[in-house]
Undergrad: 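Supplied in structure tokens, the structure appears directly below.
Position 1 is the first residue of the sequence, and the numbers go up from there.
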Amino acid sequence: MAAVNTIFLVFAILFAIVGFLQGAIKKKEDTLGEKVSQLTEWNNKKAVIRMNGDKFRQYVKSPPRNYSVVVMLTALQPQRQCSVCKQANDEYTILANSWRYYQQYSNKLFFAMVDYDEGSDVFSSMKLNTAPVFMHFPAKGKPKKGDTMDIHRVGFAAEQIAKWVAERTDINIRVFRPPNYSGTLALALLFALIGGLLYLKRNNLEFLYNKTVWGVLSLFVIFVMTSGQMWNHIRGPPVMHKNPSTGQINYIHGSSQGQFIAETYIVFFLNAAVVGGIVLLNEANSVKGDPGKKRILSMVGLGFVAIFFSLLLSVFRSKYQGYPYSFLFK
């Protein structure tokens with residue numbers, strides 16, 4: 001009789017354990033279903049889900065989770081004066097909208113955002129003191145090193161973010177940008193201006209054979225290309241970088257793998273100034289008459305070359321750490 005009671009007791013315990021496990025699994029499934037349903041509802045209203053600290057911990061950090069979340073941690077409030085954050089937000093929104101209206105859209109991936117003024121505790125818990133930051137939170141496990149996007153190396157254009165998302169999630173998103181007719185309009189105006197100029201000068205087109213005009217145009221194109229304008233067009237880097245904790249503004253990128261838009265114009269100006277100095281040196285030799293004028297042009301040209309080449313070399317040194325050579329400036 002005692003043996004029978006023991007068997008019944010064991011079975012009762014087993015049934016209780018199975019019931020508990022089934023209840024826990026059902027509760028977990030219900031919780032997961034509620035989370036996915038809520039995220040989907042928010043996503044139907046807005047491509048980028050705005051979160052505070054509580055929502056971030058509940059829907060991004062806490063299990064259960066069968067979906068990935070890409071989060072942009074940013075500082076968009078005007079008092080933060082983060083111009084880079086605004087540009088990054090525009091590109092991030094373009095990507096999120098592209099995913100939202102994509103044919104292969106599913107509830108396996110969501111795009112969210114945490115603003116510093118709405119979730120400073122999130123920044124503190126993740127030990128972040130800069131913005132913007134793009135992070136991927138996988139469906140299973142914790143984020144790894146590659147789950148934080150290196151925007152200083154690749155920029156934050158929507159296409160670059162999409163490529164990074166594909167590497168982390170195997171979900172390829174085709175970026176759809178809203179139509180921008182400003183380039184077409186500018187080109188049309190340029191052709192109209194050239195056409196009008198040729199029409200007004202139709203009886204005197206000798207300027208088309210002016211070597212100086214073509215030389216200046218050629219130099220302008222060379223300066224544009226060597227300063228990195230095409231890189232800016234492809235990568236979409238920020239204008240500059242402002243450290244939100246110290247307020248320090250950097251116009252020169254500290255790595256040879258990246259650059260800021262402001263840096264492009266600085267290099268453009270320095271190259272133009274060096275060439276201008278060389279032109280003055282050449283013109284000084286061809287000036288007839290007063291030797292004093294020749295001397296002044298030579299000294300000015302030499303000063304331009306020495307000073308602005310030194311500044312250009314300083315920019316190079318700041319990007320290629322350890323470069324040993326300098327001239328005038330360090």
Undergrad: Ignoring hydrogens and geometry, is there a side-chain-to-backbone donor-acceptor pair from Asn89 to Cys85 under 3.5 Å?
TA: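 A pair under 3.5 Å: no.
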Undergrad: For the residue pair Trp164 and Phe156, is the inter-centroid distance of their aromatic rings smaller than 6.0 Å?
TA: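 No, the ring of Trp164 stays outside the 6.0 Å limit from the ring of Phe156, centre to centre.
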Undergrad: Residues in salt bridge (charged side-chain N to carboxylate O under 4.0 Å, His left out) with Lys319, at least two apart?
TA: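 Testing Lys319 for salt bridge (charged side-chain N to carboxylate O under 4.0 Å, His left out), a comparison that skips the adjacent residues, returns Glu263.
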Undergrad: Does CZ in Phe316 sit with more than 12 non-hydrogen atoms of other residues, nucleotides or ligands closer than 6.0 Å?
TA: yes
Undergrad: Hydrophobic clusters here meaning ILVMFWY residues chained together by side-chain heavy-atom distances under 4.5 Å, can you tell me if Val275 and Phe304 are in one?
TA: no
Undergrad: Any donor and acceptor pair, going by atom type alone, linking the side chain of Asn52 with main-chain N or O of Gly119 inside 3.5 Å?
TA: no
Undergrad: Could you tell me how the ring of Phe260 sits relative to the ring of His253: parallel (under 30°), tilted (30 to 60°) or perpendicular (over 60°)?
TA: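 It falls in the tilted class, 30° to 60°.
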Undergrad: With the 4.5 Å side-chain cut-off for hydrophobic clustering, are Leu281 and Ile296 part of the same group?
TA: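 Shared cluster, yes.
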Undergrad: Quick check against the 3.5 Å criterion: does Ser227 have a side-chain atom that pairs as donor or acceptor with the backbone of Val267?
TA: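 Looks like no, no N/O pair under 3.5 Å.
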Undergrad: How close do Ile49 and Phe110 get, heavy atom to heavy atom, and via which atoms?
TA: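 That closest heavy-atom pairing would be CD1-CD2, 4.2 Å.
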Undergrad: Compare every heavy atom of Ala284 with every heavy atom of Leu297, then report the nearest pair and how far apart it is.
TA: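 Here Leu297 and Ala284 meet closest at CB-CB, 3.6 Å.
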Undergrad: Please report the shortest heavy-atom distance between Ala96 and Val48, naming the atom on each side.
TA: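 Closest heavy-atom pair between Ala96 and Val48: CB-CG2, 3.5 Å.
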Undergrad: Following the transitive rule for hydrophobic clusters with a side-chain heavy-atom cut-off under 4.5 Å over Ile, Leu, Val, Met, Phe, Trp and Tyr, establish whether Tyr251 and Leu313 coincide in one cluster.
TA: yes
Undergrad: When you look at His136 and Val69, which way does the side-chain contact (heavy atoms from CB on, under 4.5 Å) test go after all the steps?
TA: CA-CA 6 Å; His136 166 248; Val69 185; over 6 Å; no
Undergrad: Side chains of Arg80 and Asp117: does their closest heavy-atom pair fall under 4.5 Å?
TA: yes
Undergrad: Is it true that Leu280 and Met299 fall in one hydrophobic cluster, defined by side-chain heavy atoms closer than 4.5 Å?
TA: no
Undergrad: When you check the side-chain N and O atoms of Tyr105 and Asn43, is any donor under 3.5 Å from an acceptor?
TA: yes
Undergrad: Provide the closest heavy-atom pair for Phe137 versus Pro143 in the form atom of the first, atom of the second, distance.
TA: CD2-CG, 3.4 Å
Undergrad: Looking just at side-chain N and O atoms, do Gln259 and Thr264 make a donor-acceptor pair shorter than 3.5 Å?
TA: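 Yes.
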Undergrad: Minimum heavy-atom separation for Gly277 and Val305, please, with both atom names.
TA: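 Where Gly277 meets Val305 most closely, the heavy atoms are C-CG2, 3.7 Å.
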Undergrad: What I'd like to find out is whether the side chain of Tyr67 reaches to under 4.5 Å of the side chain of Val36, using heavy atoms alone.
TA: yes
Undergrad: If you measure from NZ on Lys163 to CD on Gln160, what distance do you get to the nearest 0.5 Å?
TA: 6.0 Å
Undergrad: To the nearest 0.5 Å, tell me how far Leu193 CG sits from Phe191 CZ.
TA: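 One finds 11.5 Å between CG of Leu193 and CZ of Phe191.
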Undergrad: Tell me every residue that passes salt bridge (charged side-chain N to carboxylate O under 4.0 Å, His left out) with Arg65, counting only those two or more places apart in sequence or in another chain.
TA: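 Arg65: no salt bridge (charged side-chain N to carboxylate O under 4.0 Å, His left out) contacts found.
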Undergrad: Run the ring-centre check on Tyr265 versus Phe223 and record whether the distance is less than 6.0 Å.
TA: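 They do not qualify: ring centres at least 6.0 Å apart.
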Undergrad: Tell me if a side-chain donor or acceptor on Asp147 pairs with a main-chain N or O of Lys144 at a distance below 3.5 Å.
TA: yes
Undergrad: Output, in order, the C-alpha distance, side-chain angles, deciding distance and verdict of side-chain contact (heavy atoms from CB on, under 4.5 Å) for Leu109 and Ile173.
TA: CA-CA 11 Å; Leu109 174 64; Ile173 305 173; 4.1 Å; yes
Undergrad: Between Lys35 and Gln58, is there a donor-acceptor pair closer than 3.5 Å when you use the side chain of the first and the backbone of the second?
TA: yes
Undergrad: Between Ser37 (side chain only) and Gly33 (backbone N and O only), is there a donor and an acceptor less than 3.5 Å apart?
TA: no
Undergrad: Rounded to the nearest 0.5 Å, what's the gap from CD1 on Ile161 to CD1 on Ile94? Could you check?
TA: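 Rounded to the nearest 0.5 Å, the CD1-CD1 separation comes to 9.5 Å.
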Undergrad: Where do Met149 and Arg168 land on the side-chain contact (heavy atoms from CB on, under 4.5 Å) test, with the steps shown first?
TA: CA-CA 10 Å; Met149 184 177 176; Arg168 309 313 302 172; over 6 Å; no
Undergrad: Hey, is the main chain of Ala158 close enough, under 3.5 Å, to the side chain of Glu91 for a donor-acceptor pair?
TA: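 Confirmed, Glu91 side chain pairs with Ala158 backbone.
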Undergrad: For the backbone of Thr40 and the side chain of Asn44, can you confirm whether one donor and one acceptor N or O come within less than 3.5 Å of each other?
TA: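 Flag set: sc Asn44 to bb Thr40 pair under 3.5 Å.
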Undergrad: Do the side chains of Met113 and Leu76 get nearer than 4.5 Å, heavy atoms only?
TA: yes
Undergrad: Take Arg174 and Trp99 through the test side-chain contact (heavy atoms from CB on, under 4.5 Å) and record every step on the way to the result.
TA: CA-CA 8 Å; Arg174 182 180 177 184; Trp99 169 241; over 6 Å; no
Undergrad: For Asp90, which residues count as a salt bridge (charged side-chain N to carboxylate O under 4.0 Å, His left out) partner, sequence neighbours excluded?
TA: none
Undergrad: Minimum heavy-atom separation for Ala139 and Ser68, please, with both atom names.
TA: N-OG, 3.7 Å
Undergrad: With a 4.5 Å cut-off on side-chain heavy-atom distances among I, L, V, M, F, W and Y, is there a chain of contacts connecting Leu270 to Phe268?
TA: no
Undergrad: Asn250 side chain to Ile252 main-chain N or O, any donor-acceptor pair under 3.5 Å?
TA: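 Between the backbone of Ile252 and the side chain of Asn250 there is no qualifying donor-acceptor contact (under 3.5 Å).
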Undergrad: Between Phe134 and Tyr92, does the ring centre distance come in under 6.0 Å?
TA: yes
